[in-house]
Amino acid sequence: MSSWLDYTINGLIVGNVYALVAVGLALIFGVSRLINFAQGSIYLVGAYIGWVAVVQLHTPLPLTIIVVAVAAAIVGLIIERFGLRPLQNSVRIAPLLATIGISFVLDQLVMLTFSPNPRALPSQLPDVRFQVGGGTIGPLDLLIAGVGLTSALLLFVFLRYSKLGWAVRAASQDRDAAMQMGVDVNRVNQAVFGIAAALGGVSGMLVGMYYNQIDTAMSLQATLKGVVAEVVGGAGNVPGAVIGSLLLGLVESYGVAVFGTSYRNLFAFLLLVVVLVLRPNGLFASARQAPPEPLTGTFIAPSRPVRIPRWALLVAAAIFAILPLFPVSFYVLQTLINAWLLGMLALSLTLVAGSVGQVSLGHAALLAIGAYTSALLSLNFSVPVGFAIICGGLMSAALGTALISPSFRLRGHYVSIATLAIGEIVSLVILNWESVTRGPIGISGIPPLSLFGYDLISPNSIYWFSFVVMVVLALLQGRLLGSHLGRSFRAIRDDDIAARAYGLSLNRYKSLAFIFGGFAAGVSGGIAAHLYSYINHETFNTQQSILALTVVILGGLGNVVGAIVGAVALVGLPEVFRIAAEYRILIYGIVLLLLVRFRPQGLLGTM
Amino acid sequence: MLSLRGLTRRFGGLTAVDAIDLDLPKGELISIIGPNGAGKTTLFNLVTGLDRPDAGTVHFEGQDVTGLSPERLAAEGIARTFQLGRVFGNLSVMDNVLIGAHTRLRAVKPAVPVIGPLLELGLALLRPAGVRDEEERLREEVKAILARFGERLLPRIDQPAYSLSYANRRRVEIARALALRPRLLLLDEPTAGMNPTETAEMQALVAELKAEGLTILLIEHKLEMVMRLSDRVIVMDEGKKIAEGPGEEVRNDPKVIEAYLGHGLSGTPELESAV
Ligand SMILES: Nc1ncnc2c1ncn2[C@@H]1O[C@H](COP(=O)(O)OP(=O)(O)O)[C@@H](O)[C@H]1O
Ligand SMILES: [Mg+2]
């Protein structure tokens, strides 16, 4: 029995850490209806500042905490001032994309500064453990509990008794009314981002000390966990976030106790999906929420798409089609093959995120499903590769849509969370379902591309194959968007309430978009599997999802030609300029931020 | 045709719609007036399924439709416009109005259970002759609907709705509602923000629709228009129905005057001259 008490204590301590992240998210969501995807990055920054303070400057613990809190708060203020404030009057999707971009930039900066290798972060506390009942508790546990309680108390006093705190509460209750009463929204945002960042930074440092290890992968995990806790508690609900965090900590801890460590995250995301499905407003929401007031402005940037004449498209397609006949280097063909594969993923995402407005952050999971299906079918059942790839596409369409369908009732930023979580779940299932997926070892020896019995091994044939598949998918998608489905998708994106009032079933049309988009992504993943000949659970990761998102925004949301142009640009330009691989993700993040700020409609315009 | 019994909706401590009874016979036009915040829009939301009542029932054509989804109610022939104007900003005028006809699509939406959506996807991609004809017919119909607004919308038929003037967006909303071929039309302040000429045009259009036999529920602040068009007027205040009857009668009802004066005539300047 003693171990159960240990697991409970562990769950509560970890929950306490999550609470520091989740409270910040809840504060921000409360005043600006924004899920701050950069929260985990601030947590990461906090952990590394803590490392610098402890290991290099040898600061005593209390000073370390203060240094981390202040430094993280400054990062938070910078994000608010330069990342988000300029977007205050822009389209609804903009701040969401901005926090995603900021998160990538921060993570990459940390990685480039400190290298991706894990580091030890000693806690400076004596290594003793006290007997409590049947379990044990250490000084670090007490510190974490103490920091948690102190922060909660300080926050309570601030919100309750200070003028600025009152303004924060007023703004989160009714932002417009608060503004009319003279509340300075910028000051409120500043306060909220500063506090959230300070809490997040300290949390990252404490976690680093708790496990005596920090690495750059912490960021995404922290964002996800914080968001899970916040959503469980009810978005924007600060006390709810604390309870949600403790609950999450306990669920994870008991889950680990029963099933083992590799299941920790799976439980977190399953909890999220269950809550989103059963109580989308959180466990403590006051009954059913009224439908939100009409939103002014549109979801995506209004623009008149650049009309490219048909002949120009034909000429461009012809040039790319005959390119291998000219003496171009293998390197160029290789780069373009990558662009075509990314183009297929971008087609899928531009349909889902652009045309229907479901900003998916887990799109790489669709690649993974297609890749694993195609690889396993051809390896285990000797299914011809061409047919296996189509099966991969169909499996992605079916499974991807089934997995995402619980979140169809969600709106805006919630969809992004749900897709991010589902992407993680897919990757965790691949990791843990060893009997089918071969777990962490991955699948090797995947047969090469072949069609009607002919192996496609030469670069030219691979190039033509992927190019033709992408063009066919693009043509089909163009045809789809020109039908009544295209306008139905876009109507749902622009105003789902009005769409429902005119008989459009959100489930039906979101499903159709995911089915079509899932197929394209699955085919792309399938082709990739046969090209790489080896895949594992990390081959298709969140970075690819974000890259695809950047491509789609670069090309113009919903824009079919734009998706392909964006893919060629983002794959090709770093090659042209010979940008080192480490810097690419950073560049993609910066490109995303610049686009959101200065050209939200992308190169060719949103449709 | 439409009958509400004891319809109630509470938001926390506030009862936005408080035990409203209403009977709207086929072909008639009832106006709902009342100061801002009286609960008129909330009542519309309850009738169209965008919000669910805490108590009471909605019957449409003798059928209990309380709490049905908006999609279902649209398919039953209930169309509405929104007070603040909810057009699909990035869709062209044509596409906006075509969405209004969505519930009437037949060729492209075969009523087959379970695989219906997949058939719809297939038909949209293949576009056999039946589907193309249906789309073509609807496009012609949309042009006919837009022609009712004179030269206001037709020349802008391919422009995105976000580029339209406020008044034109309101017109697009009404065109969209008409494309549904509604049996019941709910108009939420169709002339809000319109100048006198535009208001007169809108009034003429609503009168025309009424003359064609359409059943209409109208929320409107402009009393002049309400008096002209309504068979009956219902006055709401703080969620309750405080008066009901022919326009002239309601207008001189002391309770109504009191309600408006009590609210300092907020948001309803037109009433000032009226009462
Ligand atoms: N979704 C909602 N949540 C909470 N209160 C609401 C909501 N919608 C409307 N209300 C409140 O209900 C009352 C009636 O609003 P409404 O129906 O819009 O009035 P009207 O259309 O007559 O001006 C108002 O006090 C408003 O603040
Ligand atoms: Mg209203």
Side-chain angles (χ1 to χ4, degrees), chain A residues 91 286-291 293-305 354-355 357 397 401 475-477 479-509 511-513 515-516 557-558 601 605-607, chain B residues 9 11-12 16 42 45 48-52 69-75 78-92 94-96 98-105 108-109 116-118 120-121 123-127 131 134-135 138 159-163 173 176-177 179-180:
Chain A
V91 290
S286 54
R288 110 196 103 88
Q289 291 271 312
E293 294 292 295
L295 291 152
T296 43
T298 50
F299 180 72
I300 64 170
S303 74
R304 280 166 214 264
S355 303
T401 308
L475 288 174
L476 281 176
Q477 190 159 323
R479 195 164 167 82
L480 186 73
L481 292 176
S483 75
H484 82 289
L485 284 178
R487 68 171 176 260
S488 305
F489 291 162
R490 296 163 68 223
I492 286 173
R493 169 197 69 196
D494 279 2
D495 189 333
D496 56 348
I497 301 236
R500 291 187 70 196
Y502 283 90
L504 278 78
S505 151
L506 304 188
N507 277 340
R508 182 180 183 118
Y509 293 107
S511 297
L512 288 182
I515 285 173
F516 190 89
L557 275 159
Q601 74 275 38
T606 52
M607 305 268 282
Chain B
R9 177 69 168 113
F11 295 115
T42 306
N45 289 343
T48 52
L50 289 173
D51 199 354
R52 298 238 291 264
S69 68
E71 297 93 309
R72 273 291 306 281
L73 291 167
I78 299 182
R80 73 171 287 181
T81 65
F82 294 87
Q83 178 174 358
L84 298 177
R86 300 186 88 146
V87 289
F88 305 111
N90 289 284
L91 265 60
S92 65
M94 170 60 98
D95 280 347
N96 263 283
L98 279 171
I99 289 287
H102 185 84
T103 54
R104 293 166 48 211
L105 295 172
V108 76
K109 270 197 330 192
L118 289 178
E120 183 177 349
L121 181 65
L123 287 171
L125 285 172
L126 294 174
R127 294 200 217 147
V131 170
E134 181 175 60
E135 181 82 5
L138 288 176
Q159 289 184 14
Y162 73 78
S163 69
E173 267 213 287
R176 182 175 68 187
L180 187 139

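First the proteins, then the strands, lettered A, B, ... as listed; each starts at 1. All values derive from a computational prediction rather than experimental measurement.
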| task | Counting only heavy atoms closer than 4.5 Å, note whether B/Arg72 contacts chain A via side chain, backbone, both or neither. | result | neither
| task | Sort B/Ala161 into side chain, backbone, both or neither according to what part of it lies under 4.5 angstrom from a heavy atom of chain A. | result | neither
| task | Could you look at B/Leu180 and say if it's the side chain, the backbone, both or neither that has a heavy atom under 4.5 Å from chain A? | result | side chain
| task | Output the option from B/Leu91, B/Thr42, B/Leu73 having the highest count of non-hydrogen pairs under 4.5 Å with chain A. | result | B/Leu91
| message | Testing the basics here: between B/Glu120 and A/Leu485, what is the closest heavy-atom pair and its distance to 0.1 Å? | response | OE2-CD2, 3.6 Å
| task | Tell me, out of B/Thr103, B/Ile99, B/Asp95, who's got the most heavy-atom pairs with chain A below 4.5 Å. | result | B/Ile99
| In Å and rounded to the nearest 0.5 Å, what is the CZ to CG distance from B/Arg127 to A/Leu480? | 8.5 Å
| said: A side-chain contact here means heavy atoms from C-beta on lying under 4.5 Å apart; do B/Val87 and A/Asp494 qualify? | reply: no
| query | Do you know the tightest heavy-atom contact between B/His102 and A/Gly503? | reply | CD2-O, 3.8 Å
| field | Segment of B/Leu123 engaging chain A (4.5 angstrom heavy-atom cut-off) | value | neither
| request: Apply the test side chain to side chain contact (heavy atoms under 4.5 Å, CB included) to residues B/Leu118 and A/Ile515: give CA-CA distance (whole Å), side-chain angles for both, the deciding distance (0.1 Å), then the verdict. | output: CA-CA 9 Å; B/Leu118 289 178; A/Ile515 285 173; 3.9 Å; yes
| said: Is B/Glu173 close to chain A through its backbone or its side chain, or both, or neither, when contacts mean heavy atoms under 4.5 Å? | reply: backbone
| remark: Cut-off 4.5 Å, heavy atoms of chain A, and the answer for B/Ala124 is both
| Rounded to the nearest 0.5 Å, how far apart are OG1 of B/Thr48 and CD1 of A/Ile497? | 9.5 Å
| task | Output all residues satisfying salt bridge (Lys or Arg N to Asp or Glu O under 4.0 Å) with B/Glu135, sequence neighbours left out; order by chain, then residue number. | result | A/Arg487, B/Arg139
| said: So which residue, A/Ala501, A/Ala498, A/Ala491, ends up with the most heavy-atom pairs under 4.5 Å with chain B? | reply: A/Ala491
| query | From B/Gln159 CD over to A/Arg304 CZ, what is the distance, rounded to the nearest 0.5 angstrom? | reply | 5.5 Å
| How far apart are the closest heavy atoms of A/Arg500 and B/Ser69, and which atoms are they? | NH2-CB, 4.1 Å
| request: Give a yes or no on whether the backbone of B/Glu71 and the side-chain of A/Tyr502 come within a donor-acceptor separation of less than 3.5 Å. | output: no
| Minimum heavy-atom separation for B/Asn90 to A/Arg490, with atom names? | O-NH2, 3.0 Å
| remark: When the 4.5 angstrom heavy-atom criterion is applied to A/Arg508 and chain B, the contacting part is side chain
| query | Taking every heavy-atom pair that is under 4.5 Å apart, which of B/Pro70, B/Ala74, B/Ala101 has the most such pairs with chain A? | reply | B/Pro70
